[in-house]
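Worksheet: the structure to be examined is printed underneath.
Keep in mind it's a predicted model, so treat the numbers as computed, not measured.
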Amino acid sequence: MSEVSEQNVVDSTIVESNNDVGSYHSDNISETKKDISDFDEAAAPVEIPKKPASAYTSVCIMCLMVAFGGFISGWDTGTIGGFMAQTDYINRFGSTHPSGTKYMSKVRTGLLVSIFNVGCAIGSVFLGRLGDSIGRRKGIVVGASIYIVGIVIQIASIDKWFQYFIGRIIGGLGSGAIAVLSPMLISEVSPKHLRGTLVSCYQLMVTFGIFLGYCTNYGTKNYNNSVQWRVPLGLCFAWALVMIGAMFLVPESPRYLVEKGLIEEAKRSVAKSNKVTVDDPATIQEVELVQIAVDAEREAGTASWAELFHTKTKVFQRTLMGVVVLALQQLTGCNYFFYYGTLVFSAVGLEDSFQTSIVFGIVNFASTFVALYVVDKYGRRTCLLWGAAGMVCCMVVFASVGVTRLWPHGKGNGSSKGAGNCMIVFSCFFIFCFATTWAPIPFVIISESFPLRVKAKGMALGTVSNQMWNFCIGFFTPFITGAIDFYYGYVFMGCLVFAYCYVFAFVPETKGLQLEDVNVMWEEGVLPWKSASWVPPSQRGDTYDADALATDDKPLYKRIFSKN
């Protein structure tokens, strides 16, 4: 690394800390510069070498183990909707008609389905911080243990719906902690050129959980007792234990280890993830660069929640982006199909709507494999734009056919089989577009965007946004569909149009960048539609113009269709 390039990295790191707290005195800056100027001044930049894909097999398996936290969330999504249509579940936890028959009221259905997400939101804020205090791995173990407690309470429920309700809240607390810590750990241990793919594995496991949940509901639906719902719940023990066991096999985050002063362990973690030796110059440089950032942040003091609202360092802009993007992930309408697929498609005349759910699960799971390829091939921003455009087209057809063609003789007088089949096909297209883009990529974005000192807090707020909108959709969907039926699709279509515009204007490209470089790009004020051309300070030539990427005089229509 040249002395000039290295000094640029050092300066940007120090400025980050200076801006974060607003009180980083000049004497401290000079002292910190002096301390880190000794860092291999004469050494050339040493990139961690990229190896053939087969060399990273063990790394991918480790990250899949961490990503198994997504399976827990997906399993809940895949099973709870089916429970609402099962006779034993309704007889135990449903409301009672004056005639004595049992039914699931809209309020109770919405609460039982969506209260899990409220627990997730609370857990992500209060338990997600365990990653900073006891480590990412131990934090995940604690989250999985709390989840198990919630499952025990649910399985032990006999006929009191509020006991089941409480169990879902507690289970959600544990799942919320895992939802923050799993993507965080993956992003910090994975090689940078595979980071997008490996973080997307979290969503792959979500879709796998949804699919197997659908299959389990289908396999138990013919029983006439609590096997219908207790067996799927009981299997949650196995998934949680797999999650706990996996934490003994994966490396801890090198960034956390450096924060705790465990430098040698940090080197071993980097070496294990990148398939190099502990003494490799690239390993040593990687750890020392992390150490520079950590030392500067430590000089700036403990991060507070107020730092998420600092605009000079662009942390507030990143916080807002994470909150909005993860809200829009839910407002695409994905869980309209996943939560209520068995109920919605009963309306289109299907005799066995559980089978349709399995088809959805297969499409969702298979499509996520495509996401693992496109996220690092084409980039986060491009994929989100194309995904939003594709889902708009699918939702227009789905909603329009449902409104105008599904019930040719009026609702309740039979449905059109052709219209129903068309709606199912475009639902599958919608799920394909969602699973390949908006399902995994928002988690990739928030895991890459925040400085280390506020990362846990920023990701927690993003997860809260995601889970609270998840709650709103889960709770209010029965009421909305009861009032406007498939006009509901037009609501999601409007949200998708907004999502396209928001990504274009506010979400930069982070493909292939070191996590520390992402922070520098934000602080330089690069315009999102030009961000694909941004180059880290250590790689810039003499002709590089950083200011050109922060301004744009083109008309709006030219910006939209620009390659960058």
Side-chain angles (χ1 to χ4, degrees), residues 5 8-22 24 183-184 187-188 192 195-196 199 255 289-290 292-294 296-297 300 303-326 328 375 379-385 441-462 465 502-540 544-552 559 564:
S5 298
N8 286 339
V9 177
V10 170
D11 288 344
S12 64
T13 306
I14 294 173
V15 168
E16 173 194 345
S17 299
N18 179 33
N19 289 337
D20 275 348
V21 297
Y24 201 97
M184 182 188 298
S187 72
E188 292 176 351
K192 68 176 183 179
R195 188 173 63 238
V199 174
R255 286 163 176 82
L289 287 173
V290 173
I292 289 172
V294 169
E297 289 171 356
S304 65
W305 285 96
E307 288 189 28
L308 293 177
F309 300 95
H310 286 185
T311 57
K312 289 185 178 180
T313 54
K314 303 297 190 296
V315 172
F316 174 71
Q317 290 87 328
R318 284 177 263 186
T319 302
L320 182 62
M321 181 194 68
V323 168
V324 173
V325 168
L326 281 172
L328 289 171
V375 66
R380 290 71 161 135
R381 175 183 166 84
T382 301
C383 290
L384 289 179
L385 291 172
I441 293 177
F443 293 107
V444 177
I445 288 173
I446 66 165
S447 71
E448 295 177 331
S449 297
F450 292 101
L452 182 61
R453 60 184 285 106
V454 296
K455 188 171 188 176
K457 294 180 175 66
M459 291 185 67
L461 281 188
S465 171
Y502 184 85
V503 170
F504 177 82
F506 298 106
V507 178
E509 183 58 69
T510 55
K511 180 185 75 170
L513 299 177
Q514 291 281 12
L515 294 179
E516 289 73 24
D517 290 334
V518 173
N519 187 60
V520 176
M521 180 180 68
W522 271 97
E523 291 186 340
E524 289 187 354
V526 176
L527 296 172
W529 53 92
K530 289 188 172 185
S531 57
S533 301
W534 185 82
V535 176
S538 60
Q539 301 173 20
R540 294 174 184 174
Y544 184 84
D545 186 0
D547 293 335
L549 297 183
T551 58
D552 196 343
R559 299 179 193 178
N564 294 329

Closest approach of [X] to [Y] (non-hydrogen atoms, all atoms of both residues):
X: M521; Y: E509; answer: CE-O, 3.4 Å
X: K314; Y: W522; answer: CG-O, 3.1 Å
X: L308; Y: K457; answer: CD1-CB, 3.9 Å
X: P528; Y: A505; answer: CG-O, 3.2 Å
X: V325; Y: Y502; answer: CG2-CE2, 4.1 Å
X: S531; Y: V526; answer: CA-CG1, 3.7 Å

Interatomic spacing from [atom1] in [X] to [atom2] in [Y] - rounded to 0.5 Å:
X: F450; Y: E307; atom1: CZ; atom2: CD; result: 12.5 Å
X: E523; Y: Q317; atom1: CD; atom2: CD; result: 11.0 Å
X: L527; Y: S533; atom1: CG; atom2: OG; result: 11.0 Å
X: T319; Y: H310; atom1: OG1; atom2: NE2; result: 10.5 Å
X: L513; Y: N519; atom1: CG; atom2: CG; result: 11.5 Å

Option among R380, K455, R381 that satisfies the salt bridge (Lys or Arg N to Asp or Glu O under 4.0 Å) test with E448: R380
Test log, rule side chain to side chain contact (heavy atoms under 4.5 Å, CB included), inputs I445 and M321: CA-CA 9 Å; I445 288 173; M321 181 194 68; 3.4 Å; yes
Using a 4.5 Å cut-off on heavy atoms from C-beta on, say whether the side chain of [Y] contacts that of [X].
X: P536; Y: V520; answer: no
X: F504; Y: L385; answer: yes
X: F506; Y: P508; answer: no

Sidechain-backbone polar pair: S449 side chain, I446 backbone, donor-acceptor under 3.5 Å: no
